[in-house]
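Structure first, then comments.
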Amino acid sequence: MKTDGPGYAHMQSRPCTQSLPHSATLSTLCSGPEGGTLRLMLLGELMSAAGFQRDRLYIEWQLRYDPGLWILQHNEQELVQPGIIQGVSHVSRMVQYPADPSTDSPAVWVAHFAHPLEVEWVAKAAPNPKDWPHLLLQVCTYDLWDRFTTEGYGWLQLTGWPGSRTQYVETWKPLGELLAVSTGRNW
């Protein structure tokens, strides 16, 4: 399967992890779960997407986790089945930011979302690195003829590192058949 890198999705997150015993230096936002467990809070935001060729972008997302290991707390998102939380952002028009000659940066088209993600889990046991929840992204367009098209897929493994960070998720898209690639058709 051939792929290309159509763009990226920009996510800012503030995960909060904690192992017990509870320390008095932790904030009340990160107060500990019951003895011997781990608490993971994702306070994130799907901020923007750039490098895509079409306008009117939106992001379909899924958070996947092992329900045998993680207990979901206070969830207001849509729970599709045990271990899968999903949602969708609003449709955003692209905005062009001009080229910057001082840094040799080209002009770039960006769709802004500011879509919040707030999820909290408590682990039943200490998770292995591969057992942490992960975020699946599907960047799509909604065109003027009411068609939905996938523009790229992305994946992000959540980690147990506390603190705030900004992460860029590289996306990929299958190119399709050789005929469609050589003629420039995208359908």
What pairs with [X] under side chain to side chain donor-acceptor pair (under 3.5 Å), at least two apart in sequence or on another chain?
X: Asp104; answer: none
X: Arg56; answer: none
X: Asp100; answer: Ser102, Thr103

Side chain to side chain, [X] and [Y], heavy atoms closer than 4.5 Å:
X: Pro127; Y: Leu38; value: yes
X: Leu156; Y: Leu137; value: no
X: Leu117; Y: Trp61; value: yes

Sequence neighbours excluded, the answer for salt bridge (charged side-chain N to carboxylate O under 4.0 Å, His left out) partners of Asp66 is none
What's the separation between atom NE2 in His115 and atom CE in Met47, rounded to the nearest 0.5 Å? 14.0 Å
Working to the nearest 0.5 angstrom, can you tell me the gap between Trp121 CH2 and Leu42 CG? 5.5 Å
Checking the side chain of [X] only, and the main-chain atoms of [Y] only, is there a donor and an acceptor separated by less than 3.5 Å?
X: Ser92; Y: His112; answer: yes
X: Glu170; Y: Gly154; answer: no
X: Trp70; Y: Asp131; answer: yes

Who passes side chain to side chain contact (heavy atoms under 4.5 Å, CB included) against [X], sequence neighbours left out?
X: Thr141; result: Arg54, Leu57, Thr149, Glu151
X: Gln96; result: Ala107, Trp109
X: Leu136; result: Gln62, Arg64, His134, Trp155

Could you note down all residue pairs passing salt bridge (charged side-chain N to carboxylate O under 4.0 Å, His left out) where residues 80-96 supplies at least one of them, sequence neighbours left out? Asp55-Arg93
Other cluster members, Val88 - Ile/Leu/Val/Met/Phe/Trp/Tyr, side-chain contacts below 4.5 Å: Tyr58, Val91, Tyr142, Phe148
